[in-house]
Amino acid sequence: MGVDNGDHEEVPSWGTSLPVECVQEIVRKDPSNVPEKYIHDFDYTQTDVVLTHLSSDIPVIDLSLLSNGDEIELQKLDLACRDWGFFQIINHGIEAQILQEVKENSAKFFELPIEEKTKFSMASDDVQGFGQVYVVSEEQKLDWADLFILVVYPTKFRKWTFWPTTPPEFIKAIEAYSSEANRVAKELFGSLSILLGMEKESLLKLHDEVMQALRINYYPTCSMPDKVIGVSPHSDTSTLTVLLQDDEVTGLQIRHSGGWVPVKPIPNALVLNVGDVLEVLSNGKYKSIEHRAMTNENKVRMSIASFMCPQDDVQIEPLDTMVDGTNNERMYKRIRYGDFLRYSLQRKMDGKSHTNLIKFRE
Ligand code: OGA
Ligand code: NI
């Protein structure tokens, strides 16, 4: 199914989600109100081990060194993708002003009155716009967050009716940042190609053309932060995800050593993570790690995720270079990326359970 984007191009739809209340509005009306639908049966502080002391072990990679062919940095990237599935990058070359402006304009959009934001509400047949995703039943527990999703690249997939013209600089800021995030991801694709035993250009070519979706996460404050979750544990269905997170408020936590490790913000750095596609291509050498976001009582947190994905028609499967028939058996089935993405988007998010569809063995 698709809609006309005004340029007579058919834009595909990747999924649907049931409409939910705006959490920001719930809190605005009554900061102490936490409806039943958001309250989990357990207290996170009682059930989970949070390994705060490991935060400083999450790898930090210097992109300028890496892109200049530095061998030590390349080995760091390999270790980061194998042992953590997450890393931060510094010296990425994105001007601080571009980061500032995309954050400011995203915040200004969420500060608009609800009547303005709902002009961009997700349609019933797609997940672009203002709303939520992965909501498939009236019974399921909901995440304490509001989202805004846009497909940015290829530009022919833009549904312009969902691109806000207030704040006036919003579109410009999104375009400037997204183009830089795209460049950063492509530089990483070059290094990853080498680590996966291929020519530098191979990973990018395999994508056909990178499909890039932007997801702005808005996590309102919550009077019961230990009973709700900002985003439920999941792995990303992308190849790589580039996350621009708040410089001060910690919320993201990743699975490691049997617990959850908070990703402490490094000002102006980007958080990168391995998605399901890279796990499949690398035949499980690199893992798409489960992560979640927690909320807090006093501070709104925002983050901007850019998902770098292959085109719908690309077949994903372990690379020949990663399978040798003796030591390295094929761990994943071949699947058309568009089918995998649509399958994932029609289920409730539940850790990595959506990847069972393509696994031969644990
Ligand atoms: C996501 C995500 C984490 C965060 O958008 O997929 O995992 O910190 N976000 O907001
Ligand atoms: Ni994620």
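In each ligand, atom 1 is the first atom listed, and ligand 1 is the first ligand listed.
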**Student:** Could you walk me through whether S288 and D276 satisfy the side-chain hydrogen bond (donor to acceptor under 3.5 Å, both in side chains) test, starting with their C-alpha distance in whole Å, then the side-chain angles of each, then the deciding distance to 0.1 Å, before giving a yes or no?
**Tutor:** CA-CA 5 Å; S288 67; D276 301 331; 2.6 Å; yes
**Student:** Just do the side-chain hydrogen bond (donor to acceptor under 3.5 Å, both in side chains) check on N283 and N328 with the steps written out, would you?
**Tutor:** CA-CA 8 Å; N283 199 30; N328 296 312; 5.4 Å; no
**Student:** With a 6.0 Å cut-off on ring centres, are F162 and F120 close enough?
**Tutor:**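 No: the rings miss the under 6.0 Å criterion.
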**Student:** Measure T241 to ligand 1 on non-hydrogen atoms and call it side chain, backbone, both or neither using the 4.0 Å cut-off.
**Tutor:**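 No part of T241 is near ligand 1 at this cut-off.
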**Student:** May I ask whether L243 has any heavy atom positioned less than 4.0 angstrom from an atom of ligand 1?
**Tutor:**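 Yes; L243 lies near enough to ligand 1 that a heavy-atom distance drops under 4.0 Å.
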**Student:** Could you check whether F189 and H207 have their ring centres less than 6.0 Å apart?
**Tutor:**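 Between H207 and F189, the centre distance is under 6.0 Å.
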**Student:** Within less than 4.0 angstrom of ligand 1, does R292 place any heavy atom?
**Tutor:**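 Contact absent.
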**Student:** What is the nearest protein non-hydrogen atom to atom 6 (O) of ligand 1, stated with its residue, atom name and distance?
**Tutor:**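 Checking every protein heavy atom, the shortest distance to atom 6 (O) of ligand 1 gives H234 NE2, 3.1 Å.
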**Student:** Can you list the atoms of ligand 1 that are under 4.0 Å from a heavy atom of Y219?
**Tutor:**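 Here the atoms of ligand 1 in question are 3 (C), 4 (C), 9 (N), 10 (O).
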**Student:** Tell me, with the steps shown, if E297 and T221 meet side-chain hydrogen bond (donor to acceptor under 3.5 Å, both in side chains).
**Tutor:** CA-CA 5 Å; E297 231 173 317; T221 56; over 6 Å; no
**Student:** Using a strict cut-off of 4.0 Å, indicate which atoms of ligand 1 neighbour a heavy atom of A305.
**Tutor:**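 Going through ligand 1 atom by atom, the ones under 4.0 Å from A305 are 5 (O).
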**Student:** How does Q245 reach ligand 1, by side chain, by backbone, by both or by neither, if only non-hydrogen atoms under 4.0 Å count?
**Tutor:**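 Neither part.
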**Student:** On the ring face of Y153, is R158 found with NZ or CZ under 6.0 Å from the centre and within 45° of the axis?
**Tutor:**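 Verdict for Y153: a cation-pi partner in R158.
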**Student:** Ring centres under 6.0 Å, that's the criterion: do H354 and Y343 meet it?
**Tutor:**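 For H354 and Y343, the ring centres are not under 6.0 Å apart.
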**Student:** Near L252, which atoms of ligand 1 are under 4.0 Å from a heavy atom of that residue?
**Tutor:**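 Ligand 1 atoms under the 4.0 Å threshold to L252: 3 (C), 8 (O).
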**Student:** Which of these, F148, Y218, F170, sits in a ring-ring contact (aromatic ring centres under 6.0 Å, His included) with F110?
**Tutor:**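 Among F148, Y218, F170, the one that satisfies the ring-ring contact (aromatic ring centres under 6.0 Å, His included) with F110 is Y218.
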**Student:** Could you find the nearest protein heavy atom to atom 8 (O) of ligand 1 and give me its residue, atom name and distance?
**Tutor:**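 Here the closest protein heavy atom is R301 NH2, 2.9 Å.
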**Student:** With atom 5 (O) of ligand 1 as the reference point, say which of T237, N217, L214 has the nearest heavy atom.
**Tutor:**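 The nearest heavy atom belongs to N217.
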**Student:** Can you name the N/O/S atom of D236 that is nearest the Ni ion (ligand 2)?
**Tutor:**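 The nearest such atom is OD1.
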